[in-house]
Amino acid sequence: MEYLPVFYYLKKKKYAALLVKEDRNNRGGYTTEKKIIGLDAVRRDWCTLSAEMGNYVIDCLLAENKQREDVVMEIHAYLRRMADEIRSGKMDVYKFVITKRISKNPEEYTDKNLPHVQVALQSKNRGIHIAPGEEILYVISKGDGQITSRACSPNQIGVDGKEIDIEWYLANQIHPPIARLCGPIEGTDSALIAECLGLDPTKFNHQNTIKTSSSSNNEFSIPTSIRLADTEKYVDVEKFVVTCASCHKQNPIDGVYTKSDATTTPPKSYFVCLNCKHCNHRFGSAFLENNLILLIRQFLRKYQISYQECSKCLSRTNQFFIRSGKVKCIKPDCNGTLHRVYDAHALNNQLTYFRDIFYYERALDRLILDHNEKEKLKRMIEDNYPEEASTFKEVCHFVSEQLKLSLYTVVNLENIFSFY
């Protein structure tokens with residue numbers, strides 16, 4: 001028996017999945033293995049480092065019981081960390097090796113303007129025998145010429161001042177496969193990934209599209225750069241407002257901070273929502289969580305009793321019939337389609353909003369600052385205002401646990417295929 005508990009589909013013949021099998025050596029036991037088909041991480045025309053980073057990102061995407069926002073933030077943090085490590089110059093040169101098989105003698109190539117052919121010719125000039133079908137290992141070194149002229153054997157790095165061209169690798173070997181992997185995911189895009197890698201995001205700020213073929217060979221485009229600002233994403237949600245227990249006046253909770261005060265000093269301005277704006281009474285985590293759980297129950301109830309509304313006659317009802325796979329209006333003279341007035345998407349968006357207004361790490365991640373400035377701000381907040389940071393973490397964790405109870409963003413393949 002085999003089944004796929006997690007499946008990440010990029011396009012036709014390009015996907016990754018966790019495959020669960022019965023363990024023949026352990027009766028009643030199961031083993032889990034990762035299956036990757038057609039993705040860049042398993043192709044040999046990328047360097048070892050690119051494959052390793054691609055595999056890490058795939059592991060993040062296949063992680064079970066994780067919210068999308070958490071996965072995106074984990075990927076961004078990993079890319080920043082790896083970019084710093086790569087630029088430190090301490091990484092093994094063989095991590096940058098690109099492998100390409102040579103199909104005939106190097107001299108027989110009509111187009112010798114290929115990196116692996118040039119390296120093969122250099123090796124032959126040094127007396128090394130190169131046979132057809134042999135794999136050529138090469139790296140790209142720093143220089144002003146074309147890539148072909150800068151390709152060399154790995155053991156030549158360090159000789160005559162030759163160094164690995166780190167920026168070329170980040171832009172051409174690391175960024176493309178990671179950007180393709182994360183393309184369909186909301187919350188990240190090519191420019192953001194470039195920023196995490198320390199590259200100029202304006203050079204990658206274009207709208208990539210994925211072409212998906214239907215059975216009739218018609219194609220449609222799915223924009224991959226679908227990252228929305230919170231002002232757009234949460235335009236229809238109900239704002240979080242609490243009544244102060246001291247002065248009994250209402251206080252809207254706007255979030256960790258706004259962009260207008262994001263760079264002010266001291267960083268206390270990030271935590272203005274933890275105190276009453278009228279009497280300066282402090283809002284504790286228990287007080288905020290109690291208010292949130294009441295609101296969450298209210299919105300769950302709203303979703304459960306939500307009526308269906310007709311797209312044509314605008315009548316509201318909980319009675320309907322199915323025709324041609326669509327939920328149709330029950331009126332005999334109306335052919336309208338019914339839709340929920342308050343649907344699962346609206347509920348999930350509302351709950352996500354409650355989490356994000358307390359998610360200060362996410363708010364820092366979305367600031368237009370470089371990685372070092374963000375880390376500096378984060379350490380300053382946690383060192384100087386540990387109580388405020390702790391409250392935000394506690395409330396954010398509380399709402400995240402409530403979100404985990406929802407299956408809106410989860411496709412459970414085990415349940416789908418449980419009848420096999």
Side-chain angles (χ1 to χ4, degrees), residues 8 10 13-18 33-63 74-103 106 114-123 126 128 130-131 133-143 146-159 161-183 190 193-194 196-199 204:
Y8 181 71
L10 192 61
K13 296 182 180 179
K14 292 181 182 290
Y15 63 86
L18 290 181
E33 67 178 64
K34 183 170 61 176
K35 187 175 184 180
I36 302 175
I37 300 295
L39 300 180
D40 294 321
V42 294
R43 296 181 61 180
R44 292 184 300 175
D45 45 358
W46 301 97
C47 67
T48 306
L49 179 61
S50 177
E52 289 178 359
M53 292 180 67
N55 272 293
Y56 183 93
V57 171
I58 289 171
D59 288 340
C60 292
L61 297 173
L62 295 179
E74 183 180 350
I75 292 173
H76 286 175
Y78 170 73
L79 294 178
R80 292 191 185 99
R81 189 169 66 250
M82 288 302 298
D84 291 341
E85 186 178 341
I86 292 168
R87 286 191 174 93
S88 70
K90 298 178 181 178
M91 194 162 283
D92 191 325
V93 67
Y94 281 92
K95 294 276 189 180
F96 301 96
V97 168
I98 304 170
T99 304
K100 188 78 172 177
R101 192 181 299 277
I102 197 163
S103 58
L114 298 170
H116 68 294
V117 174
Q118 282 295 315
V119 173
L121 289 170
Q122 293 169 19
S123 299
R126 294 197 303 270
I128 301 173
I130 301 294
E134 192 170 334
E135 290 185 342
I136 305 299
L137 310 181
Y138 68 93
V139 295
I140 304 300
S141 61
K142 283 185 179 180
Q146 295 183 346
I147 295 173
T148 305
S149 63
R150 295 189 284 122
C152 64
S153 177
N155 55 26
Q156 289 183 280
I157 295 298
V159 178
K162 282 192 176 182
E163 300 177 20
I164 294 290
D165 190 344
I166 298 298
E167 299 305 316
W168 182 88
Y169 273 91
L170 287 170
N172 296 279
Q173 286 280 308
I174 307 300
H175 180 274
I178 302 296
R180 277 193 287 272
L181 270 176
C182 300
S190 181
I193 291 169
C196 292
L197 292 172
L199 302 170
F204 302 89

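Sequence positions, counted from 1, serve as the residue numbers for this chain. Predicted model only: the values in this text are computed from it and were never measured.
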Reported [atom1]-to-[atom2] distance for the pair [X] and [Y], which is rounded to 0.5 angstrom:
X: Glu74; Y: Cys60; atom1: CD; atom2: SG; answer: 3.5 Å
X: His116; Y: Ser103; atom1: NE2; atom2: OG; answer: 6.5 Å
X: Ser190; Y: Ile178; atom1: OG; atom2: CD1; answer: 11.5 Å
X: Gln173; Y: Ile86; atom1: CD; atom2: CD1; answer: 11.0 Å
X: Asp92; Y: Leu49; atom1: CG; atom2: CG; answer: 10.5 Å
X: Ile164; Y: Cys152; atom1: CD1; atom2: SG; answer: 6.5 Å

Please give me the minimum heavy-atom distance between [X] and [Y], naming the atom from each residue.
X: Leu79; Y: Met53; result: CD2-CE, 3.7 Å
X: Leu181; Y: Gly54; result: CD1-O, 3.7 Å
X: Met91; Y: Glu85; result: CE-OE2, 3.5 Å
X: Leu137; Y: Pro154; result: O-CD, 3.5 Å
X: Ile98; Y: Cys47; result: CG1-CB, 4.0 Å
X: Ile130; Y: Ser123; result: CD1-CB, 4.1 Å

Of all residues at least two apart in sequence or in a different chain, which pass the ring pair (Phe, Tyr, Trp, His ring centres under 6.0 Å) check with Tyr94? none
Begin from the C-alpha positions of Ser141 and Gln156 and carry the test side-chain contact (heavy atoms from CB on, under 4.5 Å) through to its verdict. CA-CA 9 Å; Ser141 61; Gln156 289 183 280; over 6 Å; no
Verdict with supporting geometry, Met82 and Leu197, side-chain contact (heavy atoms from CB on, under 4.5 Å): CA-CA 8 Å; Met82 288 302 298; Leu197 292 172; 5.9 Å; no
What salt bridge (charged side-chain N to carboxylate O under 4.0 Å, His left out) pairs are there with at least one residue in residues 49-59, not counting sequence neighbours?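 Qualifying pairs: Lys34-Asp59, Glu52-Lys95.
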Yes or no on side-chain contact (heavy atoms from CB on, under 4.5 Å) for Asp165 and Ile147, after CA distance, side-chain angles and deciding distance? CA-CA 10 Å; Asp165 190 344; Ile147 295 173; over 6 Å; no
Parallel, tilted or perpendicular: ring planes of Phe96 versus Tyr169, cut at 30 and 60 degrees: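 If you compare the ring of Phe96 with that of Tyr169, the planes turn out perpendicular.
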